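Before any comments, here is the structure.
Since the structure is predicted, the reported quantities are computational estimates derived from the model, not experimental observations. Throughout, residue positions are numbered sequentially from 1 according to the sequence presented.
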Amino acid sequence: MKTVAVAAAVLTIALPVAPAAADAAPDERPDIPVGTWLAARTQPAVQLTSFTYTGTVAVPTSTINQTAFNQLSEQAVVAVQAGKISSDERSIAKWLFQRIAADVDTYLTETTPERTVDAEVGGLCTGWWVTPDGYMVTGAHCVQVGETELSQLFAQQALAKFNEQDAKEIISGLRGIEADEEMVKLAQQIYVTFNTGHMKIRGLKQSLSVLQSLPGGGVDKTAKAVPAELVSVGESYPGKDFALLKVNGQQNLPTVPLGADADVRTGDTLYISGFPGLVTNTPFFSLESKLEPALTEGPFNAKRATQTGVPYIQTQAPSYHGNSGGPVFSKEGKVIGMLIAGTVSAGGEASESESFVLPVSIIKEKLGEKNVKPAQAMTTIRYNEALNDYFRNYFEDALPKLREVQALFPNHPYVAKYISETQAAISAGKDESPRPILMWVLIGAGVLVAIVLAVLVVKVLGRRRSRPVPAYGAPPVNGPYGAMPPPSWQQHQLPPAPQPARGPYGHNGGDGYGQGGYGYGPQSDGQGGYGYGPQGGRHGYHPAPPQGRPYLGDQTRDVRYGQFAPPPDGPAS
């Protein structure tokens, strides 16, 4: 029992403590920054969306209303005479252009021929998968625009060439006057206003799409626009700015989980994911760079409500054009709202500290109206587990999960990168994956058995080496627990003999030099013999015993324990 206890104590010191299994808490955040962990988990579900309008833009040719223009010229003469304008021709021309631009329909009229041009306008936003079979959430203003705004977009896209041509014609009518920059701008403004107001759009078509990577392509040039169907749409900001899309033929899509309004409050940090237009509209960045969502963070500033009672969250997390429709997360990685709006300066720049988020309760309400239930596929579950292993340096544990994700969803934009990095880390000897508990138990049991056996062997060998073999007539030696004490006759002195006696039986003797001979003792096993060894052997002799111990002579030959009767004269004096 003592041996086992000692071995157990040694085992406790010698064996390392078995680490917890990698999946003991698969959703617990590793010891990395919240933003790093959250971005890695949510990026696969955040997608770049686009809406596109195509049509034929028709605009009439314009001509000067001569009657109205003559009246305006007379007014110019009066203004010159009154000293309100300079008398030089350039100053008079500018004054005329200013009056025409302020009331174009009075001084310009439609004429033929009608001019046409095919045009396409649209915008980019952010959306995110809410079910594995292809339902996506985004903003209402990301899928449709009003008539006024649509006309402005087409005018900017299609009419620039016509506006420039018309401005040159009216300036050329000013014979002998060289136009300066101000005059050119005034002339162009006349036709921007007129052509936009008289423009017609024919054959208007709308399309929605999600930019999705191809199988094995990742986030790179192999991505393509996948058509999306508009399932429902709310009112643009300041209304319930929500839209639901459906991309058919999808399965095992990565998704993000929905939280609750109560998950966050004033002062908490919020995280916005999306595609800022300052990147996607910039030609300097690669397509791969443009298709990776950006993460910004900032505090929850306040709860707001529009005049119609729609709740919004104001946050200091920066947002930009193109972020619209992007999910907003709590630090636990759950969606608590959707980025909808932000104020802009007079120059069109986004103003920080004024981003507005539609709460997740409105999103759930709108999903419920279409009976769409948010869900997570095994793709997301395994990917999140693999990421947690990856960030803990459990690379061997992460690798099979990453491969499972790739098999479940070949279009996954990031898993191939993580597989490559994980394999490289394993090859570099950086893996710290914990061994299974059963393996540690088996190793511990094996070590325990080895220690117990070693202790037992050491104790047995120690006893044999230290065991004394007493000569007849010597005081008895205490043997181990349970050994039989020597008989009383062993203490009788036998008469001395004139010849040297062979030594006592040795203990497992062999060929050696020393105190050989027949011998008995409490520890003797009877296997001794004549020998030349210190413990007896075969055909051996030993020198005379120390003074005071008599030789037994030949009388001791062939004596066995219990077969030798004591001498009749009683105990020695």
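- Considering only heavy atoms from C-beta on, D268 comes within 4.5 Å of R265 through its side chain.
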As a quick check of understanding, evaluate side-chain hydrogen bond (donor to acceptor under 3.5 Å, both in side chains) for E74 and N70, giving each step before the final call. CA-CA 6 Å; E74 293 175 358; N70 290 339; over 6 Å; no
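- Residues G234 and A140 approach most closely at O-CB, 3.7 Å, considering heavy atoms.
- Counting non-hydrogen atoms of neighbouring residues, nucleotides and ligands closer than 6.0 angstrom, the CD atom of E369 exceeds 12 such neighbours.
- Remark: K364 does not engage D261 in a salt bridge, criterion side-chain N to carboxylate O under 4.0 Å.
- Of the charged side-chain nitrogens involved, at least one lies within less than 4.0 Å of a carboxylate oxygen, so that K401 and D389 count as a salt-bridged pair.
- The main-chain N or O of Y191 is found under 3.5 Å from a side-chain atom of N195 such that the two form a donor-acceptor pair.
- In this structure Q156 satisfies the side chain to side chain donor-acceptor pair (under 3.5 Å) test with no other residue, sequence neighbours excluded.
- The line from OG1 of T379 to NE2 of H412 is 7.5 Å long, rounded to the nearest 0.5 Å.
- Side-chain contact check for E28 versus N388: every heavy-atom pair is 4.5 Å or farther apart.
- One distance of note links CD of Q98 with CD1 of I85; it measures 9.5 Å at 0.5 Å rounding.
- Atoms NZ and NZ, on K185 and K94 in that order, are 11.5 Å from each other to the nearest 0.5 Å.
- Around atom CD of E89, no more than 12 heavy atoms belonging to other residues, nucleotides or ligands sit under 6.0 Å away.
- Residue S62 holds its OG atom at 8.0 Å from CD1 of I170, rounded to the nearest 0.5 Å.
- T422 OG1 to L399 CG: the interatomic distance, rounded to the nearest 0.5 Å, is 6.0 Å.
- Within the 4.5 Å cutoff, the side chain of L72 has heavy atoms near those of the W95 side chain.
- For the pair T266 (side chain) and A302 (backbone), a donor-acceptor distance under 3.5 Å is absent.
- By the neighbour-count criterion of 12 heavy atoms within 6.0 Å, atom CD of Q251 is sparsely surrounded, having that number or fewer from other residues, nucleotides or ligands.
- A donor atom on one side chain and an acceptor atom on the other are not found under 3.5 Å apart for Q316 and E297.
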Dump the intermediate steps for side-chain hydrogen bond (donor to acceptor under 3.5 Å, both in side chains) on S209 and S50, then the final yes or no. CA-CA 5 Å; S209 61; S50 68; 2.7 Å; yes
Take F395 and Y390 through the test ring pair (Phe, Tyr, Trp, His ring centres under 6.0 Å) and record every step on the way to the result. CA-CA 6 Å; F395 298 115; Y390 174 88; 5.7 Å; yes
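- Cation-pi geometry between R99 and Y107 is not satisfied (NZ or CZ under 6.0 Å from the ring centre, within 45° of the ring normal).
- When all heavy atoms of C125 and L48 are compared, the closest pair comes out as O-CD1, 3.3 Å.
- In plain terms, the two heavy atoms of F356 and L339 that are nearest each other are O-CD2, 3.6 Å.
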Please step through side-chain contact (heavy atoms from CB on, under 4.5 Å) for the pair L258 and K334, ending with a clear verdict. CA-CA 5 Å; L258 299 188; K334 294 185 178 181; over 6 Å; no
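- Looking at E421, its side chain never comes within 3.5 Å of a backbone N or O of A416 through a donor-acceptor pair.
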Would Y237 and Y312 count as a ring pair (Phe, Tyr, Trp, His ring centres under 6.0 Å) if you check the C-alpha gap in whole Å, the side-chain angles of each, and the deciding distance to 0.1 Å? CA-CA 10 Å; Y237 180 83; Y312 275 90; 5.2 Å; yes
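- P359 is not listed as a side-chain neighbour of I336, based on a closest heavy-atom distance of 4.5 Å or more.
- With salt bridges taken as basic N to acidic carboxylate O contacts below 4.0 Å, none links E229 and K246.
- In terms of modelled atom types and a separation under 3.5 Å, the side chain of T315 and the main chain of S355 share no donor-acceptor contact.
- In summary, the side chains of T56 and D118 do present a donor paired with an acceptor at a separation below 3.5 Å, with no hydrogens or angles considered.
- Within the 3.5 Å criterion, the main-chain N or O of A375 finds a donor-acceptor partner in the side chain of T255.
- Residue pairs meeting the side chain to side chain donor-acceptor pair (under 3.5 Å) criterion with at least one partner in residues 119-146, sequence neighbours excluded, are T131-D133, H141-D241, H141-S324.
- Between the side chains of H198 and E110, at least one donor-acceptor pair of N or O atoms lies under 3.5 Å.
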Pair V59-L159, side-chain contact (heavy atoms from CB on, under 4.5 Å): steps then yes or no: CA-CA 8 Å; V59 63; L159 301 181; 4.2 Å; yes
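- The CG atom of L367 sits 6.0 Å away from the CG atom of L244 when rounded to the nearest 0.5 Å.
- Between K200 and E114 there is no salt bridge, since none of the side-chain N atoms of the basic residue sits less than 4.0 Å from a carboxylate O of the acidic one.
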Could you walk me through whether V145 and Y53 pass the side-chain contact (heavy atoms from CB on, under 4.5 Å) test, one step at a time? CA-CA 10 Å; V145 295; Y53 288 93; 3.9 Å; yes
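- By the neighbour-count criterion of 12 heavy atoms within 6.0 Å, atom NZ of K417 is densely surrounded, having more than that number from other residues, nucleotides or ligands.
- Heavy atoms of other residues, nucleotides or ligands lying less than 6.0 angstrom from NZ of K290 number more than 12.
- Counting heavy atoms from C-beta on, the side chains of P318 and T296 come closer than 4.5 Å.
- For D31, the CG atom sits in a loose shell: 12 or fewer heavy atoms of surrounding residues, nucleotides or ligands are nearer than 6.0 Å.
- The side-chain heavy atoms of E178 and R90, taken from C-beta on, include a pair separated by under 4.5 Å.
- Two residues are said to be in side-chain contact when any heavy atoms from C-beta on lie closer than 4.5 Å; P327 and M338 fail this criterion.
- One side chain, Q189 or T193, offers a donor N or O that lies under 3.5 Å from an acceptor on the other.
- In this structure, I171 and F97 have side chains that are in contact, with non-hydrogen atoms separated by less than 4.5 Å.
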Stepwise side-chain contact (heavy atoms from CB on, under 4.5 Å) check, T36 with R29: CA-CA 10 Å; T36 302; R29 179 171 63 86; over 6 Å; no
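- At distances below 3.5 Å, at least one donor-acceptor pair connects side-chain atoms of T282 with backbone N or O atoms of L278.
- Panel note: side chain Q47, backbone P44; a donor-acceptor pair is recorded below 3.5 Å.
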